[in-house]
Novice: 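Next up is a structure, given as structure tokens.
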Amino acid sequence: MGGKPPSGHEQSLAMNAPPILKPGNNEYFEHDADIGVVGRGATVEESFEAAARATFAVMSDLDAVRQVETVNLDFEEADIELALVRWLNLLLALSHERGLAFGRFWIERDGVHWRGGASGEPWRRDLERGTEVKGATLTMLSVAQTGGAGWEARCVIDV
């Protein structure tokens, strides 16, 4: 490994770079590009709706989204925390699949059956904030009743 030693600038870049992990023949590095979202409400359903608003507010100004198209979804999930991730990922999939920006959300639960939806409009340039949400993750996932009379739903979204 000949050559000259790194200059001060090259050395500072190397020192600030995340460490490279090399398990086997693969290389990985850590990054902090995700965002944690929190939804709060008087009921678990209201906390899910608030988490959906927080997720979609990363991508657009929800107040600017016109409510011209509606989508409905339903799913079964007994685990309340997994239900949050499933709800957010179904909404994101519908948004991507149909090219819609959502600004309003609703969900209700009957045992393990969840039924909800969203309304919005086709994406237009003036709605975009420049950050795309790829999906909700299990990272820091929590759905719980708070000390007060409400609920809090939280997870990390991949951007």
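Bear in mind that the values here come from a model prediction, so they are computed numbers and not experimental data.
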Novice: Backbone N or O of Glu128 within a donor-acceptor pair of the Trp123 side chain at under 3.5 Å?
Specialist: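 Looks like no, no N/O pair under 3.5 Å.
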Novice: Measure the CZ-CD distance between Arg40 and Glu152 for me, rounded to the nearest 0.5 Å.
Specialist: 4.5 Å
Novice: Below 4.5 Å, heavy atoms only, C-beta onward: do Asp79 and Arg86 meet side chain to side chain?
Specialist: no
Novice: Does Asp126 have more than 12 heavy atoms from other residues, nucleotides or ligands lying within 6.0 Å of its CG?
Specialist: yes
Novice: Are Val156 and Leu84 connected in the hydrophobic side-chain network, where two residues link if heavy atoms are under 4.5 Å apart?
Specialist: no
Novice: When rounded to the nearest 0.5 angstrom, what is the spacing between OG in Ser95 and CG in Asn89?
Specialist: 12.0 Å
Novice: Same cluster for Leu88 and Ile35 if Ile/Leu/Val/Met/Phe/Trp/Tyr side chains link at under 4.5 Å?
Specialist: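 Yes, Leu88 connects to Ile35 through the hydrophobic network.
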Novice: Output the distance between atom CG (Leu91) and atom CD (Glu49), rounded to the nearest 0.5 Å.
Specialist: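 Spacing of CG (Leu91) from CD (Glu49) equals 10.5 Å.
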Novice: Enter the distance from Leu90:CG to Leu73:CG here, rounded to the nearest 0.5 Å.
Specialist: 5.5 Å
Novice: Can you hop from Ile157 to Leu62 via hydrophobic side chains spaced under 4.5 Å?
Specialist: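 In one cluster: yes.
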Novice: In terms of hydrophobic clusters joined by side-chain contacts under 4.5 Å, are Val58 and Leu141 together?
Specialist: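 Looking at the clustering, Leu141 is in the same group as Val58.
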Novice: I'd like to check Asp34 versus Thr139 (side-chain heavy atoms, cut-off strictly below 4.5 Å). Are they in contact?
Specialist: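 No. Closest side-chain heavy atoms not under 4.5 Å.
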Novice: Drop me the distance from Phe105's CZ to Arg53's CZ, to the nearest 0.5 angstrom.
Specialist: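 Interatomic distance, Phe105 CZ to Arg53 CZ, rounded to 0.5 Å: 8.0 Å.
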Novice: Please enumerate all residues that pass ring-ring contact (aromatic ring centres under 6.0 Å, His included) together with Phe102, with sequence neighbours excluded.
Specialist: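 Partners of Phe102 under the ring-ring contact (aromatic ring centres under 6.0 Å, His included) test: Phe56.
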Novice: Just so I know, are the side chains of Pro122 and Leu100 near enough to count as touching, which here means a heavy-atom distance under 4.5 Å?
Specialist: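 With C-beta onward as the side chain, the pair touches.
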Novice: Minimum heavy-atom separation for Thr137 to Val85, with atom names?
Specialist: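 Smallest interatomic distance, heavy atoms only, reads O-CG2, 3.4 Å.
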Novice: With the side chain counted from C-beta on, respond yes when Cys155 and Leu138 share a heavy-atom pair under 4.5 Å apart, and no when they do not.
Specialist: no
Novice: Are Phe75 and Leu82 connected, step by step, through hydrophobic side chains (Ile, Leu, Val, Met, Phe, Trp, Tyr) whose heavy atoms are closer than 4.5 Å?
Specialist: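 Yes, Phe75 connects to Leu82 through the hydrophobic network.
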Novice: For the pair Trp87 (side chain) and Phe48 (backbone), establish whether a donor and an acceptor sit closer than 3.5 Å, ignoring hydrogens and angles.
Specialist: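 Yes, Trp87 side chain to Phe48 backbone: donor-acceptor pair under 3.5 Å.
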Novice: Does any non-hydrogen side-chain atom of Gln67 lie less than 4.5 Å from one of Val65?
Specialist: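 In contact.
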Novice: Test side chain to side chain contact (heavy atoms under 4.5 Å, CB included) on Asp61 and Arg129; report intermediate values, then the result.
Specialist: CA-CA 8 Å; Asp61 176 3; Arg129 288 196 163 152; 3.7 Å; yes
Novice: How long is the straight-line distance from CD1 of Ile107 back to CG of Asp74, given to the nearest 0.5 Å?
Specialist: 10.0 Å
